[in-house]
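Data first, discussion second: the structure below is written as structure tokens.
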Amino acid sequence: MAVGTSVQVRTAGRTAGTGGAPAAAAEPLREGAMGAEVVIEGLTKSFGKQAIWRDVTLNLPPGEVSVMLGPSGTGKSVFLKSMIGLLKPDSGKCEINGVDIARCSERKLYETRKLFGVLFQDGALFGSMNLYDNVAFPLREHTKKSETEIRKIVLEKLELTGLSGAEDKLPGEISGGMRKRAGLARALVLDPEIILCDEPDSGLDPVRTAYLSQLLIDLNAQIDATILIVTHNINLARTVPDNIGMLFRKELVMFGPREVLLTSDEPVVEQFLNGRRLGPIGMSEEKDSAQMALEQEQADAGHHDGSTEDVRGIVPQLQPTPGLPVRQGAVRRKDRVVQILHTLPEPAREGIIASLTPEERRHYGIPEPAVTAGGLTPAHRGNLPAGEVADLPGAHAWPGGEQSAQTRPLRPRRGGA
Ligand SMILES: Nc1ncnc2c1ncn2[C@@H]1O[C@H](COP(=O)(O)OP(=O)(O)OP(=O)(O)O)[C@@H](O)[C@H]1O
């Protein structure tokens, strides 16, 4: 079995297939708990004389899904490793529940790491252990749970990731997609508040990637964990996250609500989303101006620039499979982005407003948009100078204090958020 052939997602009281009929929303699996917020400020990392990135500042809002994009070699994996303390940054902080991962004691680091579930690129499974033992490993290592308790948790996570029945298989006997899902099952056994996924789609075909995308959204709906995904997959980046960031030229070019990056006409963002050669990104990350001019000349003369379609604008975000709980992160996000709406570039603002229902618009006191009668947001384009987006209030923090009547939460918040 490979990803997607029979992905089953667990609801509180039953199992629902991804194509199942709509049903009443189920209760979340992890009642009351909410993913941790990750506060990153001025994070800088180099290896000897090689600067990787500097002054990276962003917040991962609790329970929201974020994606980090960036050309190969820009240090995305190094960023994930720095977040869990596997690599020490030169300066800056990465704070989780008040603990600065970059500076804390070994004991605190050990404790805080337990909040993380990490899906490594290759699944990082032990080749000599079957899937059951691989998934059980963190529980046997880090908890004092009995084998009966472990069995219950392992079978639950295998079911959640669509791997029921494959317990006895060795990693070498299953497909790449199944290995990814087994890695995800193992990342989930300690009930993580934060899930980091390093290229979860690598090596998967487009259909299996689509199923994996749905699985990540469904997981988020069920456990309300904060999720950060590093990926090169543009479909995934356009449809899954609440927030998108991009690393380029050793800096965080942007990080903020998905609508900002998806409507940006920053050359580096446009080039990356469209997968074309024309633009500032070259084979060795950066291009000089002579090379850029030459490529432009060739394209003007009709030479193919590598892209197949013009990808721009906001597409609808994936929703949890019918029957699963409402994503609490998405509910909180709505309140958050409405509060910072006035700070966002116009195309992003329009996109967010267009994504609200008439009831939500009334609740927030936002007038009906003139351009969205057809329902779907038009392909907006934004214009935000590099560096400015990362400075958006929503990129780093969001107003916490008093809320006006217009920005009161739409629905009661869970877990004291
Ligand atoms: N432990 C290390 N020691 C020295 N250099 C390292 C180490 N880990 C990573 N690097 C360097 O850091 C840079 C960024 O690597 P990283 O793997 O984070 O890039 P990436 O953006 O994840 O790339 P890709 O998209 O290709 O996976 C590379 O030049 C790499 O060689």
Side-chain angles (χ1 to χ4, degrees), residues 38 40 42-58 60 65-92 94 101-102 109 113 116-125 176-177 179-180 183-184 187 194-206 209 212-213 216 227-238 240-241 243-255 261 266 268-277 279-287 306-307 311 386 390:
V38 182
I40 294 177
L43 213 63
T44 298
K45 177 68 190 164
S46 56
F47 291 109
K49 286 194 174 129
Q50 186 193 6
I52 304 298
W53 26 254
R54 53 187 159 249
D55 206 16
V56 173
T57 296
L58 61 89
L60 298 182
V65 181
S66 303
V67 153
M68 185 64 82
L69 299 172
S72 289
T74 42
K76 302 179 297 298
S77 300
V78 169
F79 185 67
L80 293 186
K81 286 177 189 160
S82 303
M83 278 180 66
I84 46 171
L86 283 177
L87 289 171
K88 274 244 171 291
D90 308 344
S91 55
C94 172
I101 289 285
L109 181 60
R113 267 201 198 138
F116 284 91
V118 185
L119 173 59
F120 293 100
Q121 274 193 36
D122 55 359
L125 301 172
R179 276 197 291 277
K180 293 272 185 208
L184 194 53
I194 306 160
I195 300 174
L196 305 181
C197 301
D198 197 355
E199 296 190 31
D201 50 280
S202 69
L204 295 190
D205 68 53
T209 301
L212 189 86
S213 297
L216 289 168
I227 301 182
L228 177 62
I229 305 162
V230 160
T231 184
H232 292 297
N233 187 289
I234 298 307
N235 268 352
L236 189 155
R238 294 178 87 208
V240 173
N243 310 292
I244 313 181
M246 183 162 183
L247 285 167
F248 181 60
R249 288 192 181 142
K250 309 186 194 319
E251 289 190 350
L252 185 68
V253 184
M254 341 185 127
F255 186 86
L261 189 129
E266 247 321 285
V268 65
V269 173
E270 277 208 306
Q271 182 189 7
F272 198 79
L273 290 181
N274 284 285
R276 61 167 78 109
R277 291 195 310 281
I281 309 169
M283 193 57 163
S284 55
E285 194 183 336
E286 285 181 45
K287 274 181 209 166
S307 60
V311 168

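Atoms within a ligand are numbered from 1 in the order they appear, just like the ligands themselves. The chain is numbered in sequence order, starting from 1.
Side-chain atoms of Ser66 and Asn243 include a donor-acceptor pair closer than 3.5 Å. When only modelled atom types and interatomic distance are considered, Lys180 and Ser202 share a side-chain donor-acceptor pair under 3.5 Å. Residues Asp55 and Thr44 have side chains that never bring a donor and an acceptor to within less than 3.5 angstrom of each other.
Closest approach of Cys94 and Leu43 over heavy atoms only: N-CD1, 4.3 Å.
Applying the side chain to side chain contact (heavy atoms under 4.5 Å, CB included) test to Glu251 and every residue at least two apart in sequence or in another chain returns Arg54.
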Worksheet entry | CA sep, side-chain torsions, deciding dist, call: Leu228, Phe79, side chain to side chain contact (heavy atoms under 4.5 Å, CB included) | CA-CA 11 Å; Leu228 177 62; Phe79 185 67; 4.1 Å; yes
Could you list, one pair per line, each nitrogen or oxygen of ligand 1 together with any protein nitrogen or oxygen closer than 3.5 Å, giving atom names and the distance rounded to 0.1 Å?
| unit_1 | atom_1 | unit_2 | atom_2 | d |
| --- | --- | --- | --- | --- |
| ligand 1 | 18 (O) | Ser77 | N | 3.2 |
| ligand 1 | 18 (O) | Val78 | N | 2.9 |
| ligand 1 | 19 (O) | Gly75 | N | 3.4 |
| ligand 1 | 21 (O) | Gly73 | N | 3.4 |
| ligand 1 | 21 (O) | Thr74 | N | 3.2 |
| ligand 1 | 21 (O) | Gly75 | N | 3.0 |
| ligand 1 | 21 (O) | Lys76 | N | 3.0 |
| ligand 1 | 21 (O) | Lys76 | NZ | 2.8 |
| ligand 1 | 22 (O) | Ser77 | N | 3.0 |
| ligand 1 | 22 (O) | Ser77 | OG | 2.9 |
| ligand 1 | 23 (O) | Gly73 | N | 2.9 |
| ligand 1 | 25 (O) | Lys76 | NZ | 2.8 |
| ligand 1 | 25 (O) | His232 | NE2 | 2.8 |
| ligand 1 | 26 (O) | Ser72 | OG | 3.2 |
| ligand 1 | 27 (O) | Glu199 | OE2 | 3.2 |
| ligand 1 | 29 (O) | Gln50 | NE2 | 3.1 |

